[in-house]
Amino acid sequence: MKKVLLIISAVLLIPMLSMAQNGISSRDLQQLNTYRDSLKNLGAKFINDQDDMERKNANYQFIRTLVSALKTPNSFNYPFDSVKAISVINAPDNRFRIFTWHVMNQDGSYRFYGTVQMNTGGALKMFPLEDYSPMLKNPEDSVTDNRKWYGAQYYKIIPVKNGATPHYVLLGWKGNTVVSTKKVIETISFNRNGEPVFGAPVFVAKNKTRKRVVFEYARQASMLLRYIPDENIIVFDHLAPPDQRSEGKPETFGPDLSYDAYKLTNGKWTFTENLDMRNIATSQDQNEYLDPKKQAVKDRQQVPSKH
């Protein structure tokens, strides 16, 4: 019995030791755990509540709680990975991390929220992200800052250090309306003042250079958008209309079983059509955005019966 208790104690102690090594004191860790539990409850509410006002109120409380949590010393080293309603991704060089999430509006559209937290090793430095999507009439041609953000929920970050414009590429889910969904290939870099800049002229396709790439397709469809690190390519489904009458109506588009890609060459991402996926080794790093609402239903279905 003593041996079992020792094993249990050791298992419980491991996370605390890990956080201590990351500079988080036991007192701050306890406070962060309390914030985390509040964020989990509020996140579940703004994802699942049927009442529009309740979702929005929960989100406002969530924002205030998250800011308080991030003000805790060494909070950058706290993962928040059990807060399933949001996406938290760290830059591979650990320079910064991005929190993003969405709240569904009454009409079935989405508003996105987020912040960029810098790894200062000291006082909190963060840049709140304000969703400016409705005002961006030509998002693929726009360079913006954190106050005019083309909102999305990111699930992958790719560093690009070579070329004239060192940047990071973000892959994200954008939702859209009750009839269509969007995904986005975005870039983030930092200006001389250390402030984030979104969008860069690095996506080259058919004699046109885009500052970000936006895909739109039917809401009931599913679209692949994935980075293959061994090949330095971003692979995605080719989207096509179901018939000639639907040309120019992206809300009807869906995958046609062919694949296109952007390949990294000298700091630029060059478009390639009709990629032969048989010659591409699939990466183990295949995490894509999962809608928290659908994931919650899946998790409940997997809970074993008590009977």
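The pair Glu140-Lys211 does not meet the salt-bridge criterion, since no charged nitrogen lies less than 4.0 angstrom from a carboxylate oxygen. Using a 4.0 Å cut-off between charged nitrogen and carboxylate oxygen, Arg212 and Asp141 do not count as a salt-bridge pair.
Counting heavy atoms of neighbouring residues, nucleotides and ligands inside a 6.0 Å radius, atom NZ of Lys263 exceeds 12 of them. For Asn193, the CG atom is densely surrounded, since the number of other residues' heavy atoms within 6.0 Å is greater than 12.
With sequence neighbours excluded, the residues satisfying side chain to side chain donor-acceptor pair (under 3.5 Å) with Lys56 are Asp52.
If you look at Phe203 and Tyr262, their ring centroids are closer than 6.0 Å. The ring of Phe236 has its center no closer than 6.0 angstrom to the ring center of Tyr259. Taking the ring centroids of Phe190 and Phe96, they lie under the 6.0 Å cut-off.
A donor-acceptor pair is defined here as one N or O able to donate and one able to accept, closer than 3.5 Å; such a pair exists between the side chain of Thr144 and the backbone of Lys148. Side chain of Asn48 to backbone of Ala44: a donor-acceptor contact under 3.5 angstrom is found. A donor-acceptor pair under 3.5 Å links the side-chain atoms of Asn74 to the main chain of Gly23, judged by distance alone. Put simply, the side chain of Glu247 never gets that close to the backbone of Pro241: no donor and acceptor are under 3.5 Å apart. A donor-acceptor contact shorter than 3.5 Å links the side chain of Asn146 to the backbone of Pro128. Of the possible donor and acceptor atoms, none in the side chain of Ser109 sits under 3.5 Å from a partner among the backbone N and O of Asn105.
Here the CG atom belonging to Asn90 is positioned 5.5 Å from the CG atom belonging to Asn94, to the nearest 0.5 angstrom. To the nearest 0.5 Å, the span separating CG on Asn57 from CG on Leu42 amounts to 10.5 Å. Interatomic distance, Leu70 CG to Lys125 NZ, rounded to the nearest 0.5 Å: 15.0 Å. Within the model, atoms CG of Leu29 and OH of Tyr78 stand 6.0 Å from one another, a figure rounded to the nearest 0.5 Å.
The aromatic rings of Trp173 and His102 are tilted relative to each other, their planes meeting at an angle between 30° and 60°. A perpendicular orientation is assigned to the rings of Tyr227 and Trp269, their planes being inclined by more than 60° (bins at 30° and 60°).
Ile98 has its side chain within reach of Leu170: a pair of non-hydrogen atoms, C-beta onward, lies under 4.5 Å apart. Using a 4.5 Å cut-off on side-chain heavy atoms (C-beta onward), Leu32 and Phe80 make contact.
With no hydrogens or angles considered, no side-chain donor-acceptor pair links Gln153 and Thr100 at under 3.5 Å. Side-chain contact check for Asp243 and Ser246: at least one donor-acceptor pair (N or O, by modelled atom type) lies under 3.5 Å. Checking Asp28 against Ser25 by side-chain atom types alone, a donor-acceptor pair falls below 3.5 Å. In this structure, a donor-acceptor pair under 3.5 Å is present between the side chains of Lys161 and Tyr168.
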**Request:** Just do the side chain to side chain donor-acceptor pair (under 3.5 Å) check on Ser133 and Lys174 with the steps written out, would you?
**Result:** CA-CA 10 Å; Ser133 302; Lys174 189 163 173 57; 2.7 Å; yes
**Request:** Could you check Glu273 against Lys206 for salt bridge (charged side-chain N to carboxylate O under 4.0 Å, His left out), going step by step and ending with a plain yes or no?
**Result:** CA-CA 10 Å; Glu273 282 186 297; Lys206 299 179 180 179; 3.6 Å; yes
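In the hydrophobic cluster analysis, where Ile, Leu, Val, Met, Phe, Trp and Tyr join through side-chain heavy atoms closer than 4.5 angstrom, Phe99 is grouped apart from Tyr150.
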